[in-house]
Every structure is written in C-alpha cells, then in structure tokens.
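Encoded as structure tokens, the structure appears first; notes follow it.
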Amino acid sequence: MASLWRGLKRLAHDFARKGDWLLLTLCVISSIYGMVLIYSAGHPYDTGVSMVTVQAGAMLAGVLLYAVVSFIDTDVYRAAWKWLALFNVLFIASLFVIGKDPGTGNRSWLMLSFLPFNIQPAEIVKLTFIILLALHFAALGDKINRPLSVLSLLLHAGFMLGLIVASSDDMGMAVVYFVIFAVMCVCSRLNWAWLLGGLAATAGTLPLLWHFVLRPYQKDRILTILDPSLDPTGIGWQAAQSKIALQNGGLTGMGLLQGTQTQGKRLPFSYTDFIFSVGGEELGLIGCLCIVALLLFIIVRCVAVSLRARNTTGRLICVGVAAMLSFQLIENVGMCLGLLPVIGLTLPFFSYGGTSMLTMMVAAGLVSAVRMHPGQARNRRA
C-alpha cells in the first residue's frame, strides 16, 4: 500500500511538473463558461440544474482522463494499433444493429437503458482515428509519396468515412473525419502534386455527392443558405431563429436568463447545436468573442505543442486535434450565423453532452501527452 501511494505521488509530481496546465486551464474555463450557457438554455424547460450536473460530472471525469492520457507515450499506441483499429470498426459498426435516432435525423447514437446518458460512437472514434492516422503517416516514413503508400492512406480514411455514412447516415460527422484527414495530409510530407491531385479529385466528386449521395433534406440545408426564403418555416427555421437570437443580443446582450428566443423556447437545440446563439443573445457580441477567443487559444496551444514534437506521430496527433477543434468551431459558429449548413456539430467544450465533453478532454490530453513525451528526433514506425 505504501509503495502504491509513493507511486501515485510520483505520478502526480510528474504531471504537476510536465503536464500542460495551460491547456487544461483553458479547457476547464471553456467548460465552466459552457455550463453557464447550458443552465440558461435549460432553464425554460426546468432542466438547467440537471444538465449542468451531468456536464460538470463529465468535465470532472474528463479532467481525470486528461491526466491519465497525458502519461501515455505514443509508443503505447504503436504497440496496440491493431486493437485500436478493431475498436474503431466494431464501435462504429455497432450502429448497424443498435443505432438510434434521438431526433437528429441520423441513427448515430447508442441509447442504452443501463446508462444515464447516450453515446455517439463516431464522436469517440475521432480520437482513435487521429491516433491511427498519425501512426500510419509515421510508418510510411520516406516512402510516403509512393503511389501504394498514398493509396493505403486513402483506403484508411475512405473506409472509415464510408462506414460512418453507411452505419449512421451522419454526413456531418463524416465531413469532420474528412477534414481531419485532409489537414493531416497537408501537414505531412506528402508532396504538392498529391495534394493538388486530391483537391481536384474532391472537387470532381462534389457533383456525384450532390446527385447520388445527399438526401433531399441535406440538399435543402445547403440551398437555404443561398436563399433563406426557400423554406423559412421548415429547413431554414433553425438558422432563422439563431440569427434572431444573435441580433437580439447586440453588443452586451439581453442578460443571463433574459433572452427572448432562448427563454421563450424558440431557439431549437439551444443547449447543444446552438449554444453559441444563446451566448450571443444573452451575453452579446462580447460573450461570443470570449467563446471564440477561448477556443482559438486552445487550438493555438495544440499547434504550439505540435511544433515542439520531435517525431511524426506526436506532431500529427496534435495537428489532428487542432484540425478537429478548428473545423467544429468554424462550422458551429457558421451555422449559427446562417453562413454554413446545419449539420449537427457541437461547439467543443461549450455544447451540452457527456460524450462530447469527455472526447474533447481526452483530445486535449493527447496533446498534453505529446508535450510530456516529445519523443526522439526521428520517425518511429507504427
């Protein structure tokens, strides 16, 4: 018992000395700020306290996981990559059998009676997807620009995107995975010929996606951005109410618990997808700028750690996390402003959801781990 206690004290000392406390502090501040907005959004439904309780529990669990993950060197993932790959496939594939649609338009959730919260597998698998991609890039090393190497990367990412769409019809989440992959490609040692070819291929597939993959309601979400009058009481309703809420807020906001859209139950999904609009209505432009600033600080910290990493795996893990956070920030704020389609992506650390909170905390923990274990000044093979 004494030796266990000494071991725990040593680990705590190491984390206190080497852990990324700045990143953790930014994540906790953002989460607490988010809980204030969640309380306000849930207040008219008499669920504010219960939702904040769940969110606070998820945050505390996330802080613990952040510390635990910080101690894991990338060598551990390298040794267990087959198990991580199996986990990715089985967890996403479980949606074929027990996936449910809680009213989001896709069956991307596991709603298990013995758990007090729902689980979104693709949200969690984003992390192992980033880890495995980083390991894959590192394993290719100097051979990365060979045609077979590029093909293996495309098959890796393409298989996961196809599995997500086929199992859950969640195109929004598939786009997140695609962006993570694309940014990691740009930040790897792929030459520009491959990158430009990939850009051209992506542009060429867009018409095929529009005509053969996207469902009518998904097309309508894109078209209403160009012409909000197409379906103002249907597909365009959410974005319209969000813009009204943001306009109501002005510079300083209407005051906490005073927003007419939020407290009048006219802002749909106010505590998840449109939490940014709650902040805008009740805390104004200043409140919105604080949200964006906090998330930008987190993203910049991830990039800064990536620049100090001394191996490909660690560097690309940080890049993948930064890409995930950046895209979700841009997409969520964009859809609240009516500039981007509503695809159901949460605002990291701010939106309500235990799965999202834990995922974001663990993602930050991966970055902290790279800071604690920067690695050797050479690539390690996955």
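The analysis underlying the following values was restricted to heavy atoms, covering all of them including side chains, and did not include hydrogens, waters or symmetry mates. Only a predicted model underlies this, so the values are computations on that prediction, with no experimental measurement involved.
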Restricting to non-hydrogen atoms, name the atom on Ala322 and the atom on Cys302 that form the minimum distance, rounded to 0.1 Å.
CB-CB, 4.0 Å
Look only at the side chain of Ser152 and the backbone of Ser149, and say whether a donor-acceptor pair between them is shorter than 3.5 Å.
yes
Will you find, in the side chains of Lys126 and Gln328, an N or O donor that is under 3.5 Å from an N or O acceptor?
yes
Phe137: ring-ring contact (aromatic ring centres under 6.0 Å, His included) partners, not counting sequence neighbours:
none
Any donor-acceptor N/O pair, Glu282 side chain to Leu257 backbone, under 3.5 Å:
yes
Worked verdict on Leu163 versus Phe96 for side-chain contact (heavy atoms from CB on, under 4.5 Å):
CA-CA 10 Å; Leu163 185 62; Phe96 282 115; 3.8 Å; yes
Per the side chain to side chain contact (heavy atoms under 4.5 Å, CB included) rule, which among Leu132, Ile130, Asn88 passes with Val125?
Asn88
Do we see a donor-acceptor contact under 3.5 Å between the side chains of Ser70 and Asp20?
no
Ignoring hydrogens and geometry beyond distance, is a side-chain donor-acceptor pair present between Gln120 and Thr355 at under 3.5 Å?
no
Tell me whether Trp81 contacts the main-chain N or O of Leu135 through its side chain, where contact means a donor paired with an acceptor under 3.5 Å.
no
For a quick test of reading the model, state the closest non-hydrogen atom pair linking Ser30 to Ile298 and the distance between them.
OG-CD1, 3.8 Å
More than 12 heavy atoms from other groups under 6.0 Å of CH2 on Trp210:
yes
Does the Ser306 side chain pair with the main chain of Val303, one donor and one acceptor, at a distance under 3.5 Å?
yes
Is there side-chain contact between Leu329 and Leu296, with at least one heavy-atom pair below 4.5 Å?
yes
Should Leu127 and Val76 be counted in the same cluster of Ile, Leu, Val, Met, Phe, Trp and Tyr side chains packed under 4.5 Å apart?
yes
Taking atom types as modelled, find out whether Thr74 and His373 have a side-chain donor-acceptor pair closer than 3.5 angstrom.
no
Greater than 12 external heavy atoms within 6.0 Å of Leu206's CG:
yes
Within a strict 4.5 Å, meaning less than it, do heavy atoms of the Phe181 and Leu153 side chains meet?
yes
From CA spacing to verdict: side-chain contact (heavy atoms from CB on, under 4.5 Å), Leu37, Leu283
CA-CA 9 Å; Leu37 299 179; Leu283 301 178; 3.9 Å; yes
Pair Phe350 + Phe276: ring centers closer than 6.0 Å
no
Nearest heavy-atom approach of Pro121 to Ile92 is C-CD1, 4.0 Å
Is there a side-chain contact between Asn332 and Phe274, using heavy atoms and a 4.5 Å cut-off?
no
Met360 vs Glu123, side-chain contact (heavy atoms from CB on, under 4.5 Å): CA-CA, chis, key distance, verdict:
CA-CA 9 Å; Met360 295 305 157; Glu123 182 76 20; 3.5 Å; yes
Strictly distance-based, threshold 3.5 Å: is any side-chain N or O of Gln55 a donor or acceptor partner for the main-chain N or O of Gly353?
yes
Aromatic plane relationship, Phe129 with Tyr177 - under 30° parallel, 30 to 60° tilted, over 60° perpendicular
tilted
When you check the gap from the basic side-chain N to the acidic O, do Asp170 and Arg107 get nearer than 4.0 Å?
no
I'd like to know whether OH of Tyr271 has more than 12 heavy-atom contacts from other residues, nucleotides or ligands below 6.0 angstrom.
no
Working to the nearest 0.5 angstrom, can you tell me the gap between Ser188 OG and Ile144 CD1?
4.0 Å
Heavy-atom check, side chain of Trp109 versus side chain of Ile119, under 4.5 Å
no
Tyr33 side chain to Gly287 backbone, donor-acceptor under 3.5 Å
yes
What verdict does the side-chain contact (heavy atoms from CB on, under 4.5 Å) test give for Phe349 and Leu26, after you've listed the backbone C-alpha separation in whole Å, the side-chain angles of each residue and the deciding distance to 0.1 Å?
CA-CA 10 Å; Phe349 299 105; Leu26 290 169; over 6 Å; no
Given 3.5 Å as the limit, does a donor-acceptor pair link the side chain of Glu331 with the main chain of Gly344, or not?
no
Between Ser168 (side chain only) and Val165 (backbone N and O only), is there a donor and an acceptor less than 3.5 Å apart?
no
Quick one: does Arg189's side chain have a donor or acceptor within less than 3.5 Å of a partner on Gly141's backbone?
yes
Determine whether a donor-acceptor pair (N or O, by modelled atom type, separation under 3.5 Å) exists between the side chain of Ser351 and the backbone of Thr346.
no
When you compare the side chain of Arg315 with that of Arg308, does any pair of heavy atoms fall below 4.5 Å?
no
Closest non-hydrogen atom pair between Ile317 and Ala134, with its separation
CG1-CB, 3.7 Å
Does the side chain of Leu316 come within less than 4.5 Å of Leu133's, by heavy atoms?
no
Hey, does Phe269 have a side-chain heavy atom less than 4.5 Å from the side chain of Val342?
no
Do Phe87 and Val97 share a hydrophobic cluster, counting only Ile, Leu, Val, Met, Phe, Trp and Tyr and linking them when any side-chain heavy atoms are less than 4.5 Å apart?
yes
Taking all non-hydrogen atoms of both residues into account, name the closest pair between Tyr66 and Ser368 and its distance.
OH-CB, 3.4 Å
Around atom CZ of Phe91, are there more than 12 heavy atoms from other residues, nucleotides or ligands closer than 6.0 Å?
yes
Is the shortest side-chain heavy-atom distance between Lys243 and Gln238 below 4.5 Å?
no
Assess, by modelled atom type and distance only, whether the side chains of Gln261 and Ser242 contain a donor and an acceptor separated by less than 3.5 Å.
no
Under 4.5 Å between side-chain heavy atoms, counting indirect links through other Ile/Leu/Val/Met/Phe/Trp/Tyr residues: same cluster for Val292 and Leu345 or not?
yes
When hydrophobic residues are tied together by side-chain contacts of less than 4.5 Å, even through go-betweens, does Leu64 share a cluster with Ile124?
no
Do Ile330 and Val179 sit in one hydrophobic cluster, given that two such residues count as connected whenever their side-chain heavy atoms are within less than 4.5 Å of each other, even indirectly?
no
Distance only, no hydrogens: is a donor on one side chain within 3.5 Å (strictly under) of an acceptor on the other, for Thr262 and Glu281?
yes
Where do Ser277 and Ala245 come nearest, in terms of heavy atoms and distance?
O-CB, 4.1 Å
May I ask you to check whether Gln241 and Arg266 show a side-chain donor-acceptor distance below 3.5 Å?
no
